[in-house]
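Reading through the structure tokens given below for one structure.
What you see is a predicted model; the values in this text were computed from it and never measured.
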Amino acid sequence: MIQEIALGLLTSSVAVEGTSRLIVDIAMYFGLFVIVAMALNFQYGNAGIPNMGCAVQVIIGGFTVSAITTRLILTLVGNAGVEILPWTSDYDWVYNSPKNVNIVNSWLSGEPLFGVSMLLFTLAVSLILGAIIGWIIALPAIRLRATYLMIVLITMADASQIFGRNVVWISGGTLGIFIPDIFKWYPGDRTLVMAIITLLIGLISFFIFRTMLNSPYGRLMRAIRENEVTVGSVGKNVVGIRRNILMFASGITAISGALLGFYFSYVVEANYQRALWTYWPWLMLILGGPGNNAGTFLGCALVVAMRRVILVNKWFLQEIFFFPVAYFEQILLGVLLISVIMFRPNGLIPEKLLYIPGVNYRRLVDEEVVVDWRGAPKARGASSGISGIFRMLGGKKEEAGE
Amino acid sequence: MDWDQILFWVMIAIWVIMPAFIVYEEIRERRALAASEAPAEEIEAVNE
């Protein structure tokens with residue numbers, strides 16, 4: 001396999017053929033899952049919120065592309081004078097979708113600025129809608145204990161898929177909706193552009209999460225994870241902080257759903273299954289090590305590469321296995337989850353102590369602290385220092401004597 | 001110009017740079033933590 005990859009890299013004149021095609025695919029999925037797994041790490045690894053509803057947030061991104069962006073593009077292109085077929089009724093929305101997208105694509109091939117602006121618009125809207133859905137999820141669930149919170153979120157993930165399947169105007173129901181190709185103006189393979197954009201967004205997300213985790217807010221999150229009762233007892237709004245974390249991470253996760261829609265130029269609810277967008281990211285997180293971005297990256301790289309290679313080589317694998325190879329991925333998911341939890345519960349890269357950039361630990365430890373208490377203002381009341389205790393005891397004696 | 005070929009290698013570069021930077025930062029933080037923990041252990045040893 002390695003030889004084939006190396007050979008493909010060296011000999012391919014056109015980048016996206018054969019093995020190079022597989023590499024682009026792995027890169028795209030790596031970028032998508034890195035965004036989801038890092039957001040999950042932000043929620044579970046650092047704040048202790050066991051979000052089993054990642055699929056809800058991802059599907060919101062997909063629905064943004066299908067229900068909002070596609071409608072907006074059809075409206076704008078129609079207003080530009082291009083003849084498009086009717087699309088306002090549910091029937092037309094689904095059955096005229098391929099033809100309309102074809103018409104729109106031929107117009108988009110000469111409009112690069114329009115395509116890029118639609119991408120930016122979609123990313124912004126999916127971020128906002130993801131945050132709103134995070135807030136909605138948080139309303140009934142955030143006060144619950146971990147187990148019940150997980151159950152509620154799993155249910156919500158299923159509910160979102162049922163909505164997509166049955167409400168046709170969102171994403172075309174079970175048939176799905178074709179999405180206009182916003183990179184039609186690019187002369188080559190647009191999936192390469194999508195892969196680069198996705199990887200860049202993954203990198204930007206990493207910097208955002210890293211900055212947040214190294215800030216005082218990140219330390220507050222870790223404190224909530226360790227003991228929320230203690231944090232609540234010092235006056236922090238634990239429920240509010242957990243809700244904010246869920247909202248922010250939901251927004252970031254929704255972006256990956258939107259990118260997936262553009263990558264396939266097609267949105268259908270079956271692409272956003274709970275197992276794919278919740279359990280696999282959890283495996284990546286647990287395999288790499290929760291509370292640790294490097295671990296999340298490692299887990300993502302291993303799992304995504306493994307899954308895509310299995311997917312591509314299913315014909316070959318079928319000859320080796322005695323069971324249908326279609327179940328191999330699911331079996332692998334279960335076996336890996338159980339193995340990691342049994343033999344390596346902290347993941348491949350265990351979480352380290354919090355490091356705060358800019359703080360000189362050696363100086364803090366070595367520093368000789370000299371405090372002149374004589375200059376400190378004297379506290380009022382009987383309980384200030386040892387003399388205060390004696391005074392208090394004396395007062396009581398006096399009271400008793402009287 | 002073969003844009004696909006150029007973008008393919010740009011993608012590979014981003015894909016390599018991203019984990020490399022994260023691993024570098026992780027190692028740097030772990031070293032800084034180890035360096036900060038060493039004097040504390042020495043002080044504890046003296047106190048004991």
So, taking the atom named CG in Asp4(B) and the one named OH in Tyr186(A), what distance separates them when rounded to the nearest 0.5 Å?
4.0 Å

Taking every non-hydrogen atom, the tightest pair across Ile196(A) and Leu7(B)
CD1-O, 3.4 Å

Mind listing the closest non-hydrogen atom pair of Leu192(A) and Phe8(B) along with its distance?
CD2-CA, 3.7 Å

If you define the side chain from C-beta out and look only at heavy atoms, does anything of Phe297(A) sit under 4.5 Å from Phe21(B)?
no

Flag side-chain contact, heavy atom, 4.5 Å: Arg30(B) against Ile349(A)
yes

Closest heavy-atom contact between Met18(B) and Leu203(A)?
CG-CD1, 3.3 Å

Tell me, with the steps shown, if Val23(B) and Leu298(A) meet side chain to side chain contact (heavy atoms under 4.5 Å, CB included).
CA-CA 9 Å; Val23(B) 168; Leu298(A) 182 65; over 6 Å; no

Of the backbone (N, CA, C, O) and the side chain (C-beta and beyond), which part of Ile26(A) lies under 4.5 Å from a heavy atom of chain B, both, or neither?
both

Of Asn292(A), Leu200(A), Asn293(A), the largest count of non-hydrogen pairs under 4.5 angstrom with chain B goes to Asn292(A)

More than 12 heavy atoms from other groups under 6.0 Å of CG on Leu120(A)
yes

Is it the case that more than 12 heavy atoms not belonging to Phe30(A) sit under 6.0 Å from its CZ atom?
yes

Nearest atoms (heavy-atom pairs only) where Ala195(A) meets Met11(B)
CB-SD, 3.7 Å

